[in-house]
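Per chain, numbering begins at 1; letters A, B, ... match sequence-line order.
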Amino acid sequence: MRKLWIILTYLVFILLIAAPLGKMATEAFSNGLSGFWASLSRPEALHALMMTGFVVVVVTLLNTLFGIMLALYLVRANWLGKRLKGLLNSIVDLPYAVSPVIGGLMIVLLLGPDSALGALFEQIGVNIVYAFPGMVIATLFVTFPLMVREVMPVLQEIGSQQEEAASTLGAYGWTTFWKVTWPSIRWAVIYGVILTVARSLGEFGAVLVVSGNIMNKTQTATTLVYQDVENFNVTAAGGVALVLAAFSAGLLLLMEWSKRRKGVH
Amino acid sequence: MNSLLRHKGWTWGFRTTILLYFVVLIVLPILGVYYNSFSLGFSTFIESVSDPIAWKSVLLTLKLAVIATVINVLLGTMIAWVLIRYRFPGKALLNSLVDLPFALPTAVGGLMILLLLGPGSLIGGLAEKLGFEIVFHQPAIVIAMIFVTFPFVIRAVQPLLEELDPSEEEAAYTMGAKSSRVFRQVILPSMAPGMISGGMLAFSRALAEFGAVVLVAGNIPGRTLVSSVFIFGEVESDNPVGAAAVSVILLTLSFLILWLINLLQMRGRRS
């Protein structure tokens, strides 16, 4: 019985994860190493990877900053009523329930050229939808819960006693944060950063809708993969996808490592 | 400097900025979709929804998501069990591989399935000879959904199995229960909360999935056109109101599921 279950488990992993990964790798190299390089060194591929890099950096910075602040407020702030805190707390998870395509649609509806806000921004010469700011907003929306949800439980666990002690002893807000709070939430923040990078690297649906997928302008690595498949250029798609997969696998290893550190402190 | 930083105005400005960011980024867009779908009146909403292509896509998505969730609950429970209870070579590797579908971009997941099962591949060619159609048909959509929701059930059941006190099982055995009965009456009830909450998370994710599905789904209305792909098509063909109407249905469903999960977790914590 025992052997059967183990074999079945291996079978599921091989069929569902190993075989597709292996197939994609062989497809990417089906024209040899030079074919793989050729698919990556296309100008649109380089531009798409660069675009993804920009989005990841900007989104991770903003999401980390605001995520930590919001987690602090949701756990510690007394000036927020208990009811309001509960309400805000449940709203944090909403992006999980929203399909990425709908997330993108929301931003098009709110800030697109036909909307009041979009028209306003257009008048001052800032394009949001079908441009970089829209892609950042869409990715921020999708990644929003990740940091908050990592930091909040740690803050709840450590309690506010040490922080209160620090401020009674005369430490200012910043000092308390850096000397007392930060050391205990550090690993949760690092874990949240890795999750945010992974998610923004791979975001597809929301970005596809918001960016309009304009080659050499707003195309990211994932939307380039989509376009290559639509153009029946699966080998090139495989090359770019393999690079993305390698990054994700690396991030997964980092996640395992930081999870272990997070447990130890 | 410090006295400047500690000024009341700074504190309030700071607090307002954070809360404003929160409301503008999360709440406003969601309200915007609801507002837009009803902006041309309730009858337009009904009209958009009662378009057969629209409601058939919602029904199809529900059906396929249910199939994917059931398969996932069964497979996930088995894998969680094997990864916790048995020791065998490669266990640690498999345990870290569980999270890979979360880490991989969904478009990459879709491409992998397309390549493995597509018309030119070994499996795809074999299935075609036997008269099955996988890619661009319903089986591929279900496989894509299973792939992206793979970790949910496993990660929900594992901690419950770890917590399960072996003495409970031993007691049941000492009292003469057969292993099938121990499983039914001791092990299964303790795994059930994880199976349910993990299954519901997987279900809501399968409903929402776009990246993996769009690459392997066909676009035949009522048969292979799922709602997220339908919404994308409506946006592309410049019909945001139609897209918003279907979005509202999907969103409301997902919010209900999220609320149910929260409710279940609160109950679990209390008991």
Among [options], which residue has the highest count of heavy-atom pairs closer than 4.5 Å to chain B?
options	value
A:Leu105, A:Thr26, A:Val225	A:Leu105
A:Ser248, A:Gly104, A:Gly202	A:Ser248
A:Leu251, A:Ile137, A:Leu140, A:Leu201	A:Leu140
A:Val209, A:Val234, A:Asp228, A:Leu208	A:Leu208
A:Ala97, A:Gly238, A:Gly205, A:Ala249	A:Ala97
A:Leu70, A:Thr222, A:Val229	A:Leu70

So do [Y] and [X] actually touch side chain to side chain, heavy atoms under 4.5 Å?
X	Y	result
B:Arg85	A:Trp5	no
A:Ser99	B:Ser254	no
A:Met24	B:Val108	yes
A:Met106	B:Leu251	yes
B:Phe22	A:Phe144	yes
A:Ile102	B:Val246	no

Under 4.5 Å from a heavy atom of chain B, the part of [X] involved:
X	answer
A:Leu110	side chain
A:Val240	neither
A:Leu88	both
A:Leu21	both
A:Leu8	both

query: Which atom names give the shortest non-hydrogen contact between B:Leu25 and A:Phe141, and what distance separates them?
result: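 Between these two residues, the closest heavy atoms are O-CD1, 3.2 Å.
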
- prompt: At their closest point, which heavy atom of B:Leu115 faces which heavy atom of A:Lys23, and how far apart are they?
  reply: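 Between these two residues, the closest heavy atoms are O-CE, 3.3 Å.
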
- prompt: If you check every heavy atom in residues 10-19 of chain A against those of chain B, which residues fall under 4.5 Å?
  reply: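 Those residues of residues 10-19 of chain A which have a heavy atom under 4.5 Å from chain B are A:Tyr10, A:Val12, A:Phe13, A:Leu15, A:Leu16, A:Ile17, A:Ala19.
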
task: Go through the steps for B:Asp99 and A:Glu256 under the test side chain to side chain contact (heavy atoms under 4.5 Å, CB included), then give the verdict.
output: CA-CA 10 Å; B:Asp99 287 325; A:Glu256 293 274 311; 4.3 Å; yes

Output the option from [options] having the highest count of non-hydrogen pairs under 4.5 Å with chain A.
options	result
B:Ser227, B:Ser204, B:Ser96	B:Ser96
B:Phe88, B:Phe210, B:Tyr21	B:Tyr21
B:Val27, B:Ile143, B:Leu28	B:Leu28
B:Ile123, B:Leu97, B:Ile30	B:Ile30
B:Glu234, B:Arg15, B:Lys91	B:Arg15
B:Leu100, B:Ile26, B:Asn36	B:Ile26

field: By side-chain contact (heavy atoms from CB on, under 4.5 Å) - contacts of B:Ala206 (at least two apart)
entry: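 Partners of B:Ala206 by the side-chain contact (heavy atoms from CB on, under 4.5 Å) criterion, ordered by chain and then number, come out as B:Ala65, B:Met145, B:Thr149.
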
task: Can you establish whether the number of heavy atoms outside A:Phe121 located under 6.0 Å from its atom CZ is more than 12?
output: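 For A:Phe121, atom CZ is not crowded (no more than 12 foreign heavy atoms under 6.0 Å).
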
field: Neighbour count above 12 (heavy atom, 6.0 Å) for A:Phe66 CZ
entry: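 Yes, CZ of A:Phe66 has more than 12 neighbouring heavy atoms, counting only those of other groups under 6.0 Å.
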
field: B:Pro240, B:Ser37, B:Ser247 screened by side chain to side chain contact (heavy atoms under 4.5 Å, CB included) with A:Leu109, the one that passes
entry: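 Running side chain to side chain contact (heavy atoms under 4.5 Å, CB included) over B:Pro240, B:Ser37, B:Ser247 with A:Leu109 returns exactly one hit, B:Pro240.
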
- prompt: Could you walk me through whether B:Val214 and A:Phe204 pass the side chain to side chain contact (heavy atoms under 4.5 Å, CB included) check?
  reply: CA-CA 11 Å; B:Val214 73; A:Phe204 171 65; 3.8 Å; yes

Partners passing side-chain hydrogen bond (donor to acceptor under 3.5 Å, both in side chains) against A:Gln219 (at least two apart in sequence or in another chain):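 A:Gln219 satisfies side-chain hydrogen bond (donor to acceptor under 3.5 Å, both in side chains) with A:Asn213, A:Gln227 once adjacent residues are dropped.
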
For B:Asn262, all residues meeting side-chain hydrogen bond (donor to acceptor under 3.5 Å, both in side chains), sequence neighbours excluded: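 In terms of side-chain hydrogen bond (donor to acceptor under 3.5 Å, both in side chains), with neighbours along the sequence ignored, B:Asn262 is linked to no residue.
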
query: Are B:Met78 and A:Thr9 close enough, and set up right, to give a side chain to side chain contact (heavy atoms under 4.5 Å, CB included), and what steps lead you there?
result: CA-CA 8 Å; B:Met78 177 192 85; A:Thr9 300; 3.7 Å; yes

At a heavy-atom separation under 4.5 Å, does [X] approach chain A through its side chain, its backbone, both, or neither?
X	answer
B:Val33	both
B:Phe14	both
B:Leu114	side chain

- request: Starting at CD of A:Glu230, measure out to CG of B:Leu215 and round the result to the nearest 0.5 Å.
  value: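 Separation between the atoms: 7.0 Å.
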
Spacing of CZ belonging to B:Arg87 relative to CZ belonging to A:Arg2, to within rounding of 0.5 Å: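 Taking CZ in B:Arg87 and CZ in A:Arg2, the distance rounds to 9.5 Å.
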
- request: Using the six-membered ring wherever Trp is involved, compare the ring planes of A:Tyr226 and B:Phe232 and label them parallel, tilted or perpendicular (cut-offs 30° and 60°).
  value: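 The arrangement is perpendicular - the two ring planes meet at more than 60°.
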
Derivation of the side chain to side chain contact (heavy atoms under 4.5 Å, CB included) call for A:Val98 and B:Phe255: CA-CA 8 Å; A:Val98 175; B:Phe255 289 156; 4.2 Å; yes

